[in-house]
Amino acid sequence: APGAKAISLPNGDILVLTASMMQVGDSTPPEPTLIYRQETGDWVEGPQMPAVMFGFCVVQLNTTHTLLMGGAGYNEDTDESDLYADVFMFDGTTFQKVSSLLEPRYEMACALNQEGHVVVAGGMGPAVEGGDPDGEPMNSVEIYDPMTDIWTPGPSLPTALGYFAGMVEDGEKLLLLGGADQDYFNYIHSLATGAEEWQLEEIHLAEEKGLLQAIGVTSDNIDC
C-alpha cells in the first residue's frame, strides 16, 4: 500500500512495514509485515503491525532496532484522519510502545542525526474548521533520545510543511527535502547538529518534490 516503509533485518532480509487506510475501529486486525527472504527470493508474512495506520515515519537506529512514529488512521464516521502520537520500538520481532510524540502528526520527515537522536520535522496536524479535512501542515520539530526515551522540542521549521520527499544526514547536518503546504516545493532546509535554527540551502531540488515522488540526491537533480 502507498506509504509502506522498508527496513533491513540483521540477517540481510528486507522487512516491509505495511500501511493501511482501513477504518479506525474496524474489527479487522492490523496487517502483517512482509519479509523478503534474500536466500530464497520468497515473500513471507512477518510480525503484525502495531495498529492500522498510514503516513507513519520510520528510522532505523541500528542493525537490530527501528523506531516507528506517528501516522494516522482513516475514520469513516467523520471522513477525517485520526492522528497518532504513538511511538513503537521494533526489535525485528515485536513492537514495544515507548514515549509518545509531543504532538500527533503524520506524513512528517524523520532521520537520525550524528548524535544518535531522532529528529522529526513538520508533517500534517489536525484539521481546522474551514480548512483541508486532511489536516494542516506543521512547523514544529521534535527530537528523541533513544537512551533516555525522552522527546524534547527542537528548532521550528521556518515554514509549515508536510509530505516531504525525505530527510537525510549529510555530514554534520540533516537535509530536509522538498515538502508541501498547498503546493510542492523544491526547497532544501538544513539543520546542523546542535544548531538552534534551520537554514535554507542555496542549492535546491531541480523539481518540486514530495510524498511518493521518488528522488535520488545527485548533482543531476539539484540546482546550485
Side-chain angles (χ1 to χ4, degrees), residues 3 5 7 17 19 24 49-62 65-75 78 80-91 95-129 131-169 173-181 189-199 210-211:
K5 306 289 194 296
I7 62 173
L17 298 160
V24 171
M49 288 289 288
V52 176
M53 58 172 63
F54 63 94
F56 51 84
C57 211
V58 171
V59 170
Q60 193 152 3
L61 302 177
N62 49 44
H65 287 77
T66 297
L67 204 66
L68 184 155
M69 299 154 281
Y74 176 69
N75 191 321
T78 62
E80 294 178 354
S81 297
D82 287 348
L83 306 189
Y84 302 147
D86 295 338
V87 178
F88 299 90
M89 187 71 74
F90 180 61
D91 63 5
F95 293 90
Q96 299 294 328
K97 196 171 182 180
V98 295
S99 293
S100 297
L101 291 162
L102 302 177
E103 297 179 86
R105 63 183 75 210
Y106 75 112
E107 303 299 3
M108 60 282 206
C110 58
L112 193 67
N113 69 12
Q114 271 201 331
E115 296 178 324
H117 297 162
V118 176
V119 178
V120 173
M124 302 302 291
V128 298
E129 187 174 353
D132 189 332
D134 289 333
E136 297 295 321
M138 306 172 68
N139 68 347
S140 58
V141 173
E142 306 181 27
I143 300 176
Y144 179 71
D145 185 343
M147 299 301 294
T148 62
D149 189 30
I150 293 175
W151 288 93
T152 55
S156 296
L157 296 174
T159 304
L161 294 170
Y163 299 108
F164 300 97
M167 184 158 65
V168 296
E169 182 186 356
K173 60 186 178 182
L174 295 177
L175 299 180
L176 181 62
L177 309 175
D181 50 17
H189 292 94
S190 65
L191 181 67
T193 301
E196 296 183 356
E197 62 181 27
W198 293 78
Q199 302 295 325
L211 176 71

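Nearest heavy atom pair, residue M108 against residue M69, reads CE-O, 3.3 Å. Residues L157 and F164 approach most closely at CD1-CZ, 4.1 Å, considering heavy atoms. The two atoms that bring P155 and W198 nearest to each other are O-NE1, 2.8 Å, heavy atoms only. Nearest heavy atoms, L83 versus A72: CD2-CB, 3.9 Å. Closest heavy-atom contact between M53 and F88: CE-CE1, 4.4 Å. Closest approach of P137 to A180, counting heavy atoms only: CB-O, 4.3 Å.
Between L191 and L176, the closest side-chain pair of non-hydrogen atoms is not below 4.5 Å. At least one side-chain heavy atom of F95 sits under 4.5 Å from a side-chain heavy atom of L17. Between Y106 and F54 the shortest side-chain heavy-atom distance falls below 4.5 Å.
At distances below 3.5 Å, not a single donor-acceptor pair connects side-chain atoms of T66 with backbone N or O atoms of F90. In terms of modelled atom types and a separation under 3.5 Å, the side chain of R105 and the main chain of S140 share a donor-acceptor contact. Without hydrogens or angle criteria, D149 side chain to S99 main chain gives a donor-acceptor distance under 3.5 Å. At least one donor-acceptor pair closer than 3.5 Å links the side chain of K5 to the backbone N or O of G3.
With rounding to the nearest 0.5 Å, the separation of CG in L112 from OH in Y144 is 12.0 Å. To the nearest 0.5 Å, atom CD of residue E107 and atom SG of residue C57 are 9.0 Å apart. Within the model, atoms CG of D86 and NZ of K97 stand 4.0 Å from one another, a figure rounded to the nearest 0.5 Å. Note that CG of L67 and CD1 of I7 are 11.0 Å apart. Values are rounded to the nearest 0.5 Å. Residue H189 holds its NE2 atom at 6.5 Å from CG of L161, rounded to the nearest 0.5 Å. Taking NE2 of H117 as the reference point, atom CD1 of I143 lies at 8.5 Å (rounded to 0.5 Å).
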Q) Please walk me through it: do V59 and V120 pass side chain to side chain contact (heavy atoms under 4.5 Å, CB included)? A) CA-CA 10 Å; V59 170; V120 173; over 6 Å; no
Q.
Under the criterion side chain to side chain contact (heavy atoms under 4.5 Å, CB included), I'd like the reasoning laid out for L68 against M49: C-alpha separation, chi angles, the key distance, then a yes or no.
A. CA-CA 10 Å; L68 184 155; M49 288 289 288; 3.9 Å; yes
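Residues passing the side chain to side chain contact (heavy atoms under 4.5 Å, CB included) test with L102, sequence neighbours excluded: E142, W151, P153. Shown here are the side chain to side chain contact (heavy atoms under 4.5 Å, CB included) partners of S190, two or more places apart in sequence or in another chain: K173, L175, Q199, E201.
Residue-environment remark: CD (E196) stays at or below the threshold of 12 foreign heavy atoms within 6.0 Å.
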